[in-house]
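Since the structure is predicted, the reported quantities are computational estimates derived from the model, not experimental observations. Read the numbers this way: they start at 1 and go in the same order the structure lists the ligands and their atoms.
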Amino acid sequence: MSARILVVEDEEALTTLLRYNLDAEGYDVETVARGDDAEVHLKERVPDLIVLDWMLPGLSGIELCRRLRARPETRNVPIIMLTARGEESERVRGLATGADDYVVKPFSVPEFLARVKSLLRRSNPERLATVLAYGDIELDRDRRRVARSGRPIDLGPTEYRLLEFFLEHPGRVFSREQLLDGVWGRDIYIDERTVDVHIGRLRKLLNSGTEVDPIRTVRGAGYALDDRFAKAE
Ligand code: CA
């Protein structure tokens with residue numbers, strides 16, 4: 001599954017350039033031109049990385065960054081801030097608290113792409129790993145095998161993908177809609193209750209006897225791979 005990047009930028013030419021190059025790198029790119037629209041968008045879907053322009057109509061990049069850092073769902077999403085020359089300096093450093101990196105326009109595309117890559121790797125090394133392990137659960141992507149405490153578990157394709165998705169983001173809470181997007185793909189229309197059915201199946205297959213349920217139901221929010229689970233092992 002390719003990483004999702006949201007580009008929030010009001011300069012059309014730059015948006016086109018970034019989209020083209022990020023696309024070519026295999027990322028799943030979405031673009032928004034206004035700060036307030038980006039905020040609405042981010043309440044529905046959380047990407048793996050945000051490229052955020054400093055000066056935006058509707059809501060400034062800095063203010064959006066501050067709000068994103070205040071929300072648990074977006075607190076840890078890496079943010080690269082784009083600034084125009086002249087906006088840089090200490091002001092940017094001071095105010096852009098919460099951004100993980102910042103790039104001054106005009107910038108070199110290869111350098112920008114290198115920063116995106118390194119930030120994604122830093123924030124989510126699981127995405128690139130062949131074997132995902134959490135607590136006593138192990139998922140081997142090359143062999144497409146799952147085991148719990150060494151006991152092989154035979155999962156259906158959807159349950160496998162669901163577990164893989166959780167293992168890529170341990171601890172993070174996903175709404176049913178986000179799980180549909182991430183596991184089934186965003187172009188497919190499926191009732192959100194389908195998610196509950198597959199979570200139920202996954203639980204049944206994963207948990208044997210007195211084993212601790214690794215999937216946490218968050219009332220009114222969705223599901224997460226319980227971060228207390230790995231620590232309890
Ligand atoms: Ca701008």
Side-chain angles (χ1 to χ4, degrees), residues 1-125 127-128 168-169 172-175 177-178 181-182 185-187:
M1 184 188 156
S2 53
R4 289 179 184 188
I5 300 181
L6 178 71
V7 176
V8 190
E9 168 61 72
D10 58 324
E11 280 170 53
E12 225 180 299
L14 184 55
T15 305
T16 307
L17 179 79
L18 292 179
R19 178 191 275 284
Y20 176 83
N21 284 283
L22 290 167
D23 253 358
E25 291 292 304
Y27 299 117
D28 192 348
V29 190
E30 287 183 294
T31 60
V32 179
R34 292 177 56 92
D36 45 1
D37 291 346
E39 190 179 29
V40 172
H41 181 100
L42 284 161
K43 279 184 179 149
E44 287 166 8
R45 183 176 298 146
V46 178
D48 296 296
L49 183 139
I50 303 167
V51 179
L52 185 57
D53 187 28
W54 160 272
M55 297 293 276
L56 288 168
L59 181 70
S60 79
I62 288 295
E63 177 55 21
L64 181 57
C65 188
R66 198 189 60 74
R67 291 187 193 178
L68 293 175
R69 287 303 180 236
R71 283 178 57 217
E73 299 82 6
T74 48
R75 184 167 294 146
N76 299 315
V77 178
I79 297 176
I80 298 182
M81 191 76 93
L82 304 180
T83 70
R85 206 167 286 283
E87 291 168 359
E88 56 174 325
S89 81
E90 293 313 307
R91 209 160 92 87
V92 176
R93 286 169 211 266
L95 290 174
T97 45
D100 298 271
D101 199 355
Y102 74 92
V103 175
V104 180
K105 298 179 201 172
F107 50 83
S108 99
V109 170
E111 196 203 317
F112 169 78
L113 293 173
R115 291 204 193 188
V116 167
K117 199 169 178 181
S118 97
L119 209 48
L120 280 172
R121 194 181 299 135
R122 230 194 304 157
S123 72
N124 198 352
R127 187 175 284 286
L128 305 165
E168 284 173 351
H169 312 90
R172 199 160 128 188
V173 180
F174 292 99
S175 68
E177 195 187 342
Q178 287 169 335
D181 276 354
R186 81 175 76 139
D187 300 324

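Across all their heavy atoms, V46 and Q178 have their closest contact at CG2-NE2, 3.5 Å. The two residues P47 and L6 come nearest to each other via the heavy atoms CG-CB, 3.8 Å.
Taking 3.0 Å as the criterion, E9 does not count as a coordinating residue of the Ca ion (ligand 1), since none of its N, O or S atoms falls below it. None of the N, O or S atoms belonging to E11 lies under 3.0 Å away from the Ca ion (ligand 1).
Between T74 and I50, every side-chain heavy-atom pair lies at or beyond the 4.5 Å cut-off.
Here the angle at the Ca ion (ligand 1) defined by OD1 in D10 and O in M55 stands at 90°, rounded to 10 degrees.
Between the Ca ion (ligand 1) and the N, O or S atoms of D53, the shortest distance is to OD2.
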Determine whether K105 and E11 satisfy the following criterion, salt bridge (Lys or Arg N to Asp or Glu O under 4.0 Å), listing intermediate values before the conclusion.
CA-CA 12 Å; K105 298 179 201 172; E11 280 170 53; 2.9 Å; yes
